[in-house]
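Step one of this worksheet: look at the structure below.
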Number of protein chains: 2
Amino acid sequence: MSRALTGGTVSAATRETVIEAATRLNYQPNRAARGLITGRTANLGLIVPDLRNPFFADVAKGVSARARTVDHGVFVADTDEDPVAELEAVAALGRNTDGLLLCSPRSADADLLAAADPATTVLLHRQVPGMSSVVADVASGIRQAVRHLRALGHRRIAYVHGPEDSWAARRRVTALAAFDDDAELEILRLGSVAPTFEGGLLAGDLVLAGPATAVLAYNDLVALGLLHRLAARGAAVPERISVVGFDDVSLAAMSHPPLTSVSVPKDRAGAVGLDLLLGRTGVAGGEMTLPTTLVVRASSGVAPLSTRER
Amino acid sequence: MSRALTGGTVSAATRETVIEAATRLNYQPNRAARGLITGRTANLGLIVPDLRNPFFADVAKGVSARARTVDHGVFVADTDEDPVAELEAVAALGRNTDGLLLCSPRSADADLLAAADPATTVLLHRQVPGMSSVVADVASGIRQAVRHLRALGHRRIAYVHGPEDSWAARRRVTALAAFDDDAELEILRLGSVAPTFEGGLLAGDLVLAGPATAVLAYNDLVALGLLHRLAARGAAVPERISVVGFDDVSLAAMSHPPLTSVSVPKDRAGAVGLDLLLGRTGVAGGEMTLPTTLVVRASSGVAPLSTRER
DNA sequence: CTGAAAGCGCTAACAT
DNA sequence: ATGTTAGCGCTTTCAG
């Protein structure tokens, strides 16, 4: 009898008897059958471009941990950075879950709106008008990073841009524009590179070709590539040039030198997104912004004396 | 009518009509309902100790990619290195899937045997008698690493041991024993450390306290910690001391210097495990071993002259 | 070859 | 408060 276990109106005695029998027989209701009638599966879908990217691994970990506490299963789909696979995954998972957590840096707003049901989808680290989302306060992070560098005496700061089609990358650029009218500062926007270690390698030479004494990288992977290339070219970090990353993935603390980086709450974003999806939060269908913090490590230091204004 | 779509006996004309209507209405069968009657869900479970660990992220990626090609869903559970959570996950996922892919470095053989149904479970990077498994050829990897170092003139090689209770760690030690009667070589087995960057930091000092000119680390994370600590202590790598990692995670190529490491096919293990689970391979219910390869990078070099026998 | 009916395991609504 | 029935969406069996 389902009532005793589900919490219907039964006498205490009956419930006890039933529960006793259930535990003895190790009975567990079949979720599929239950879902068929209740319409809810107690399963969620998480779609990420690349699990190998520590950023998304962290997000997945946050989602998985929170899901366990609310007794939900999580389907994970890795789309391998392929927008087509992404839309397919949305369609496939959307049908068999109660909701979707979607990390989609690249797809167009319209595609997302067309493929995903806004009522049962929460975007992670991405905003699209009309859809729920959880993002980090990128603008604040950028501000903290730039102010940190300015305080260290840097006057020319290079920014290594991420993929043109990435929402996060555009976000960074917008935030950077706040410093356009800062007469003390010159932000040198370098070309866009892949958001990877290899992209950072490439960017290293770009940085050294210019007058910048500090670089702000699109993300930590790029920053790591920068560190690598700068070392190979004999440019001391941070003596000759300071490097600041973004995301604060676990690698940041392991690099040489350890990387100053803007910390974004990756796993928390996953957990909060899940809560939003399950409606356990006040911010109904809304956009949620999580704070960012600059973590100062050894890759940023005072600007070389010669470049500082007297 | 289900027959037309599932492949029953229908006339070509009927099938065409049905399919046309189905596509027009964007009809997709409800998997839960289908599973209720067929007994198969087309869903798999993957259980890992920590998604943040790049090793398991790679495995998950391999599983996810292969699952997509065979049109199966994947439940992912991150147990946060907690054996209790692991057994719970096995119980929870086992019930609602067609099979389980299980990465369980720590749990005891008996616990695994008791919790998981051997008929529907494949162990990844772990062997337990009586259960199907996919592992890497650790012994070969260890041999390649040691021979590489010996060829470079190293005579005293330290080994940084992983967690005592880890199957993989025990595996490494067993493989290392093959060199016990090599008169030319002395393997110095250092104490066991956590399989993390921090563990490697700790091990760095242990290594420097001994006479070894080369270190073989339990895994790449430990090797990275070693690199970090050795640099901090002023020991040049590889001039003063060579470092070799294990697993060849993507970080290995990004370290400074890039890490020589034993490459194990992580994503392939996931894919092969999935095939084994679905019975699409000849090795029925068996144990499968995948090859390992040493990838030589800059962290290993010839032994310091003074230590070499003439 | 096609239509109809049974039933997978469960919960909801309706009786008692 | 408890027993009973219908039916979630599908596949399978059994008739026709």
Side-chain angles (χ1 to χ4, degrees), chain A residues 1-45 67 70-75 88-100 117 119-120 278-279, chain B residues 1-45 67 70-75 88-100 117 119-120 278-279:
Chain A
M1 184 115 299
S2 151
R3 263 176 298 218
L5 304 170
T6 320
T9 56
V10 264
S11 74
T14 318
R15 160 164 297 140
E16 186 159 337
T17 315
V18 174
I19 288 182
E20 192 276 332
T23 46
R24 190 164 41 78
L25 299 173
N26 195 15
Y27 168 82
Q28 293 286 135
N30 178 323
R31 289 203 162 184
R34 171 182 290 179
L36 209 50
I37 184 140
T38 60
R40 301 192 310 103
T41 60
N43 290 149
L44 265 26
V70 295
D71 200 33
H72 275 234
V74 181
F75 281 106
E88 283 173 6
V90 169
L93 290 187
R95 219 183 318 286
N96 301 281
T97 58
D98 295 346
L100 250 38
D117 176 2
T120 58
L278 266 34
Chain B
M1 184 114 300
S2 150
R3 262 176 299 219
L5 304 170
T6 320
T9 56
V10 265
S11 73
T14 317
R15 161 163 297 139
E16 185 158 338
T17 316
V18 173
I19 289 182
E20 191 276 332
T23 47
R24 188 165 41 77
L25 299 175
N26 195 16
Y27 167 82
Q28 293 286 135
N30 177 323
R31 289 202 163 185
R34 171 180 290 181
L36 208 52
I37 183 144
T38 60
R40 301 194 309 103
T41 60
N43 289 149
L44 265 25
V70 295
D71 200 32
H72 276 235
V74 181
F75 281 106
E88 282 173 6
V90 169
L93 289 187
R95 219 181 318 285
N96 300 282
T97 58
D98 296 346
L100 249 39
D117 177 3
T120 57
L278 266 35

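In what follows, chains are A, B, ... by sequence order, proteins preceding strands, each numbered from 1. These numbers come from the heavy atoms of this one structure, side chains and all, not from hydrogens, waters or symmetry mates.
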Collect all protein-nucleotide pairs involving nucleotides 5-7 of chain D in which both atoms are nitrogen or oxygen and the distance is under 3.5 Å.
none

**Study point:** Separation of atom CZ in Arg40(A) from atom P in dG9(C), rounded to whole Å
**Key:** 22 Å
Revision key, fill the gap. For Phe75(A) and Asn96(A), the nearest pair of non-hydrogen atoms, with its separation, is CE1-O, 4.2 Å
Point to revise | Distance, nearest 0.5 Å, that separates CZ of Arg95(A) from CG of Leu100(A) | key: 11.0 Å
Review point. What pair of heavy atoms forms the shortest contact from Leu36(A) to Ala33(B), and how long is it?
Key: CD1-CB, 3.6 Å
Check your understanding: Starting at the 5' end of DNA chain C, which residue's closest nucleotide do you reach first, Leu36(B) or Ser11(B)?
Key -> Ser11(B)
Check your understanding: Roughly how many Å is it from CG in Leu5(A) to C1' in dG9(C), rounded to a whole number?
Key -> 14 Å
Study note, to complete from the structure: Interatomic distance, CG@Leu93(A) vs CG@Asn43(A), rounded to 0.5 Å, equals 10.0 Å
Review point. Hey, where does DNA chain C pair up into stems, meaning at least three consecutive Watson-Crick or G-U pairs with distances under 3.5 Å?
Key: C:1-11 with D:6-16, C:13-16 with D:1-4
Point to revise | salt bridge (Lys or Arg N to Asp or Glu O under 4.0 Å) involving Arg31(A) - partner list, sequence neighbours excluded | key: Asp71(A)
Review point. If you round to the nearest 0.5 Å, how far is CD1 of Ile19(A) from CZ of Arg24(A)?
Key: 13.5 Å
Point to revise | Separation of the P atoms in dA6(C) and dT5(D), to the nearest angstrom | key: 15 Å
Check your understanding: Say you draw a straight line from NE2 of His72(B) to CG of Leu278(B); how long is it, rounded to the nearest 0.5 Å?
Key -> 4.5 Å
Check your understanding: Given atom CG of Asn96(B) and atom P of dG9(C), what is their separation to the nearest angstrom?
Key -> 14 Å
Find every protein N or O atom lying less than 3.5 Å from an N or O atom of nucleotides 13-16 of chain D, and list the pairs.
residue : atom : partner : partner atom : Å
dT13(D) : O4   : Arg3(B) : NH1          : 3.4

Practice item. Quick one: list whatever passes side-chain contact (heavy atoms from CB on, under 4.5 Å) with Ala22(B), sequence neighbours left out. Key: Leu5(B), Tyr27(B)
Review point. Between atom CZ in Arg95(B) and atom P in dC8(C), what is the gap in whole Å?
Key: 20 Å
Revision key, fill the gap. Contact check, residues 20-33 of chain A vs DNA chain C, heavy-atom distance under 4.0 Å, returns Tyr27(A), Gln28(A), Pro29(A), Asn30(A), Ala33(A)
Check your understanding: So do Asp98(A) and Thr120(A) actually touch side chain to side chain, heavy atoms under 4.5 Å?
Key -> no
Practice item. Determine: side-chain N/O of Thr14(A) to OP1/OP2 of dT2(D), distance under 4.0 Å, yes or no. Key: yes
Check your understanding: Between Ala4(A) and Val10(A), which heavy-atom pair has the shortest distance, and what is it?
Key -> CA-CG2, 4.0 Å
Check your understanding: Which atoms form the tightest heavy-atom contact between Thr97(A) and Gly45(A), and what is the distance?
Key -> CG2-N, 3.8 Å
Review point. Got a second to check how far Thr41(B)'s OG1 is from Asn30(A)'s CG, nearest 0.5 Å?
Key: 10.0 Å
Practice item. Taking all heavy atoms of Arg34(B) and all of Pro29(B), pick out the closest pair and write down the distance. Key: NH2-CG, 3.3 Å
